[in-house]
Structure formats: structure tokens, C-alpha cells
Amino acid sequence: MTNSPLIRDISDDDVEQVSALWRAAGVARPWNDPETDIAFARRDPHSTVLVAVLDGTIVATVMVGEDGHRGWVYYVAADPEHQGKGLGRTIMAAAERWLAERGVWKLNLLVRGDNTKVKRFYEHLGYTDTQSTCFQKVLTPL
Ligand SMILES: CC(C)(COP(=O)(O)OP(=O)(O)OC[C@H]1O[C@@H](n2cnc3c(N)ncnc32)[C@H](O)[C@@H]1OP(=O)(O)O)[C@@H](O)C(=O)NCCC(=O)NCCS
């Protein structure tokens, strides 16, 4: 990578740019509203969204948090114009550091079953497939 990006927490002014990056990188889903997801991740100190900024532009993101047991990441994304230049590694290292600073010793993440390319990326970074199945139930917030 030519220049090292600045890593920082997302700010209110970044939400639109981050939402656009998620759509461009293909991590946005029609049933998940980015603004709602970002606001929820920022509601307390257990989670946040980290952004990588290069020449004033957000080029990579990760949503990182801990649930009292494990660390988790979501919305791992590098701008398609800048992929393959180390941003994915950089943003994952930032998430790992964020968790390690909070005493978390294991990081879990979900990869869609058919996303072989991304599985290879995580394996390359030292992650192993736990061969677990993710179960989910939609709840009504009270
Ligand atoms: C996945 C993603 C974040 C990776 O970002 P990136 O900036 O392209 O990756 P990097 O350039 O930082 O790659 C880091 C390392 O992984 C390696 N790598 C990346 N993709 C790989 C692959 N498919 N197979 C093997 N190695 C791979 C790179 O060679 C590099 O190795 P090195 O650091 O030892 O030289 C990016 O491709 C992306 O945004 N994809 C679309 C969104 C997505 O699917 N996100 C994951 C949701 S679970």
C-alpha cells in the first residue's frame, strides 16, 4: 500500500459515505438499513464502526463489537476501487486491536456459505472455519 490509511471511529458525517461503500462492496442487504445498523452499533461502548480514511475518503470499514463473551465483526468492506492493496488486512487488524484492548481473546465472524473468495481471505489472515451452523430468529424489540 502506498499510503497508510488513518483508522478512526465513524462519525455522524460519515454515515452516507459508509452506506455507499457498503452498497458498492456488496455487503449491504435490502432488509438491513445501514443507518439503523450503524446507529445501533454506536449506541454503547461495546461496539462501533471503524473506518479507514485515505486522502480524506473512507476506503474500508468494519463493524466490531463484543457481546460479553466473544468479539464479532460485520460489514468488513474495502472500496472496490482499492481492493487488493492491503486495506482488508489493515481494517481487520484494527478490529482485532480494538477487541484485544478490551480484553477479548476470540473473534468470530460469519461468511455466507457460497462466498469462497472471502473464506480464502480470512484463512489467509489466520482464521479457521469452525464448521458451525448459524441459527437465527427475528425478535421484536420491546
Ligand atoms: C474481503 C475484502 C474486505 C478484502 O479486502 P482487500 O483490501 O481486497 O484485501 P487485502 O488486499 O487487504 O488482502 C489481505 C491479504 O489477503 C490476501 N487475500 C485477499 N483475498 C484473497 C483470496 N481470495 N484468496 C487468498 N488470499 C487472499 C491478499 O493476498 C493479502 O495477502 P498479504 O497481505 O499477505 O499480501 C474485500 O475484497 C471486500 O470488500 N470484498 C467485498 C465485501 C465482502 O465480501 N466482505 C466480507 C463479508 S464477510
Side-chain angles (χ1 to χ4, degrees), residues 1-127 129-130 132-142:
M1 198 184 309
T2 0
N3 297 318
S4 295
L6 168 83
I7 307 289
R8 60 166 175 76
D9 282 286
I10 193 172
S11 71
D12 290 344
D13 293 343
D14 299 326
V15 174
E16 208 171 303
Q17 209 187 138
V18 166
S19 303
L21 193 158
W22 288 356
R23 280 191 295 276
V27 293
R29 297 283 173 262
W31 54 88
N32 293 331
D33 174 47
E35 281 192 38
T36 306
D37 283 0
I38 292 167
F40 200 63
R42 295 177 73 200
R43 79 196 184 285
D44 73 27
H46 295 278
S47 51
T48 188
V49 177
L50 300 176
V51 297
V53 184
L54 205 53
D55 301 327
T57 302
I58 295 173
V59 287
T61 67
V62 62
M63 181 181 284
V64 57
E66 54 89 4
D67 59 15
H69 184 52
R70 297 286 182 244
W72 286 90
V73 290
Y74 300 91
Y75 290 111
V76 176
D79 183 334
E81 305 271 315
H82 294 273
Q83 285 177 12
K85 298 180 189 167
L87 287 170
R89 180 184 276 283
T90 300
I91 204 72
M92 283 302 295
E96 290 171 14
R97 192 166 52 246
W98 190 96
L99 291 165
E101 284 169 358
R102 286 157 182 80
V104 179
W105 63 95
K106 279 189 185 172
L107 168 49
N108 292 347
L109 57 89
L110 299 167
V111 178
R112 280 168 207 279
D114 58 356
N115 203 341
T116 312
K117 205 175 149 197
V118 171
K119 285 182 190 172
R120 298 281 169 270
F121 163 73
Y122 287 122
E123 280 167 0
H124 190 75
L125 295 189
Y127 290 78
D129 187 344
T130 61
S132 309
T133 303
C134 175
F135 283 75
Q136 187 175 74
K137 182 178 181 182
V138 176
L139 307 176
T140 305
L142 299 174

Notebook entry, point to check: Side chain of S47, backbone of G65: donor and acceptor closer than 3.5 Å?
Noted result: no

Next item on the list: Identify the two heavy atoms, one from A95 and one from V73, that lie closest to each other, and give their separation to 0.1 Å.
Entry: CB-CG1, 3.7 Å

Checklist line | Those residues that, when tested against Y122, pass side-chain hydrogen bond (donor to acceptor under 3.5 Å, both in side chains) (two or more places apart) | finding: none

Item checked: Non-hydrogen side-chain atoms of R8 and D14 separated by less than 4.5 Å -> yes

Next item on the list: Indicate whether the side chain of D37 and that of Y75 have a donor and an acceptor atom separated by less than 3.5 Å.
Entry: yes

Notebook entry, point to check: Is the NZ or CZ atom of R102 positioned over W98's six-membered ring, under 6.0 angstrom from the centre and within 45° of the axis?
Noted result: yes

Note to self: On a heavy-atom basis, which atom in A77 and which in V27 lie closest, and how many Å separate them?
What the structure shows: CB-CG2, 4.0 Å

Check: Between E66 (side chain) and H46 (backbone), is there a donor-acceptor pair under 3.5 Å?
Finding: no

Margin query: Whether D12 and R42 form a salt bridge (side-chain N of Lys/Arg under 4.0 Å from carboxylate O of Asp/Glu) is what I want to check.
Written below: yes

Next item on the list: Tell me yes or no: between the side chains of T61 and W22, is some donor less than 3.5 Å from an acceptor?
Entry: yes

Check: With a 4.5 Å limit on heavy-atom distance, are the side chains of L107 and M92 in contact?
Finding: yes

Item checked: Among D9, I38, V62, side chain to side chain contact (heavy atoms under 4.5 Å, CB included) partner for T48 -> D9

Item checked: Atom CD of E123 with >12 non-hydrogen neighbours under 6.0 angstrom -> yes

